Amino acid sequence: MTDEFLSQSKLDAFREIGNIGSGHAASALSQLLQRRIDMSIPKVWMISFEQIAEIAGGMEEPQVMIYLHVNGEAPGKAVFLFPLESAQSVLRGLFQSDQQMDLLDELRQSALKEVGNILVSSFLMALTQLSGISMQASVPAIAVDMAGAGLGAILLEDGDLEDQVLFIDTELSGTPQIEGKFVFLLKQGGLEKLLGALGI
Amino acid sequence: MNGIVMVGMADVKTAQGEDILMTPGLGSCIGICIFDSVKKVGGMAHIMLPTAIGHAEGNPAKYADTGTNLLVEGVLALGGVKSRLKAKIAGGAQMFTFADKPQILKIGDRNAEAVKRELKKLGIPLLVADVGGNYGRTIHFSVNTGNLKVRTINHGEKVI
């Protein structure tokens with residue numbers, strides 16, 4: 001279905017942008033936690049609602065989701081998904097504690113939101129440096145809940161039919177026990193703008 | 001038989017007898033259950049947006065208005081009697097709240113209102129609505145008993 005909307009070369013270019021941006025985000029996470037963080041090569045999806053479960057790792061899978069709006073010339077949305085155990089591990093690293101963390105506690109949640117904020121800002125800064133297109137992150141919001149419920153709500157938030165939204169989907173992993181996923185959604189117009197600025 | 005009939009996003013399914021209809025991970029979406037307790041037939045829709053107006057080519061199961069009608073047609077096709085139909089709904093949460101931007105257009109609330117409006121229009125009594133909040137729901141509906149089980153991660157489980 002992707003070919004109906006976008007040429008392969010544009011998708012490749014978008015994947016490369018995602019690769020660079022995600023690299024910056026992964027390195028910000030690595031600095032924050034003082035751990036090595038690896039990342040996968042991003043997948044680029046022209047998403048339909050039916051694929052949400054696949055991206056989420058299951059509709060009901062409990063995840064910590066940190067969500068930011070991306071404003072500016074190429075608007076979009078950015079989401080970090082962490083399985084609960086990984087969120088625990090991130091928090092233990094931040095608070096330098098071995099204790100079990102309450103993921104619903106306000107202080108823990110604001111720490112996780114701040115992590116999301118730092119990662120998304122790094123991602124966007126890389127894109128801005130690359131393209132000259134200005135993009136800013138909103139304040140973060142968080143949900144600790146079923147992945148399908150969260151991602152579905154994100155996609156539908158504007159009430160738009162957004163089954164043509166373009167996703168970058170990157171896996172992040174580190175030891176001990178961190179795995180997460182960075183998802184960046186760009187609306188159609190934004191993609192053209194971003195690629196246009198890069199001369200693609 | 002007692003099989004589980006899985007209802008996907010933007011989907012409508014019907015069932016009879018012991019079958020259980022289920023849909024996982026409802027966020028701002030709504031699960032609509034409509035059933036005839038005498039004939040023991042029913043169905044479930046998983047709608048995502050309030051109205052098909054402006055989306056003429058879209059999947060009708062995606063919208064509260066067209067989805068509810070599609071569901072009713074399905075239940076009638078299984079031998080349900082219109083005057084005996086009743087409804088239960090769940091979902092319509094607002095999963096994320098932004099501190100700097102109290103949201104004006106809450107899609108979950110708009111979905112719930114649209115479903116209620118459509119049921120009223122069709123003259124189908126709404127027995128119970130577990131809607132709103134800020135959490136996801138997975139629902140199982142028994143056509144046989146009319147019981148709707150709502151499961152959440154942080155807000156327990158209940159049968160309504």
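Remember, it's a predicted structure, so these values are computed and weren't measured experimentally.
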> Would you indicate whether the side-chain heavy atoms of A:Glu60 and B:Arg151 approach each other to under 4.5 Å?
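Side chain of B:Arg151 against side chain of A:Glu60, heavy atoms only: contact under 4.5 Å found.
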
> More than 12 foreign heavy atoms under 6.0 Å from CZ of A:Arg36: is that the case here?
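Open: at most 12 neighbouring heavy atoms sit under 6.0 Å from CZ of A:Arg36.
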
> Checking B:Thr152 against chain A: side chain, backbone, both or neither under 4.5 Å from a heavy atom?
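It is the backbone, since no side chain atom gets that close.
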
> Kindly check if the number of other-residue, nucleotide or ligand heavy atoms within 6.0 Å of CD1 (A:Ile41) is above 12?
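No, the 6.0 Å shell around CD1 holds no more than 12 heavy atoms from other groups.
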
> Could you tell me the separation between the CD1 atom of B:Ile47 and the CG atom of A:Leu156, rounded to the nearest 0.5 Å?
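B:Ile47 CD1 to A:Leu156 CG: 9.5 Å, rounded to 0.5 Å.
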
> Examine A:Leu104 and A:Phe80 and state if one hydrophobic cluster contains both, with Ile, Leu, Val, Met, Phe, Trp and Tyr joined whenever side-chain heavy atoms are less than 4.5 Å apart.
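Result: yes, single cluster for both.
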
> So which residue, B:Gly8, B:Ala93, B:Ser28, ends up with the most heavy-atom pairs under 4.5 Å with chain A?
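Among the listed options, the one with the most contacts to chain A is B:Ser28.
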
> Quick one: of A:Ala147, A:Ala141, A:Ser138, A:Gly148, who has the most non-hydrogen atom pairs under 4.5 Å with chain B?
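Heavy-atom pair counts peak at A:Ala141.
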
> Could you state the interatomic distance from CE (A:Met146) to CG (B:Leu26), rounded to the nearest 0.5 Å?
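Interatomic distance, A:Met146 CE to B:Leu26 CG, rounded to 0.5 Å: 8.5 Å.
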
> Is it the case that over 12 heavy atoms from other parts of the model lie below 6.0 angstrom from the CD atom of A:Glu179?
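Atom CD in A:Glu179 is not crowded, with 12 or fewer foreign heavy atoms closer than 6.0 Å.
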
> Could you check whether atom CE of B:Met22 has more than 12 heavy atoms from other residues, nucleotides or ligands sitting under 6.0 Å from it?
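Yes, because the 6.0 Å sphere around CE of B:Met22 holds more than 12 heavy atoms from other groups.
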
> Can you tell me which portion of A:Leu151 sits under 4.5 Å from chain B's heavy atoms? Options are side chain, backbone, both or neither.
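No part of it gets close to chain B.
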
> Are any side-chain N or O atoms of B:Asn154 and backbone N or O atoms of A:Asp145, one a donor and one an acceptor, separated by less than 3.5 Å?
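The answer is no, because no donor-acceptor pair under 3.5 Å joins these two groups.
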
> What's the spacing between A:Leu155 CG and B:Leu49 CG if we round to 0.5 Å?
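If we round to the nearest 0.5 Å, A:Leu155:CG and B:Leu49:CG are 10.5 Å apart.
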
> Within a reach of under 6.0 Å around CD1 of B:Ile53, are more than 12 heavy atoms found that belong to other residues, nucleotides or ligands?
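It does not: B:Ile53 CD1 has 12 such atoms or fewer within range.
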
> Heavy-atom cut-off 4.5 Å, strictly under: side chain, backbone, both or neither for B:Asn111 against chain A?
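Looking at B:Asn111, nothing touches chain A.
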
> Is it possible for you to say whether B:Val75 and B:Ile32 belong to one hydrophobic cluster, with membership spreading through side-chain heavy-atom contacts below 4.5 Å?
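As far as the 4.5 Å side-chain criterion goes, B:Ile32 and B:Val75 are connected within one cluster.
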
> Using a 4.5 Å cut-off on heavy atoms from C-beta on, say whether the side chain of B:Phe96 contacts that of A:Ile154.
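Side-chain contact under 4.5 Å: yes.
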
> Any link between A:Leu195 and A:Leu130 through a network of hydrophobic side chains (Ile, Leu, Val, Met, Phe, Trp, Tyr) touching at under 4.5 Å?
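Yes, one cluster joins them.
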
> Between B:Met95 and A:Ala153, what is the shortest heavy-atom contact and its length?
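Reported closest heavy-atom pair: CG-CB, 3.5 Å.
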
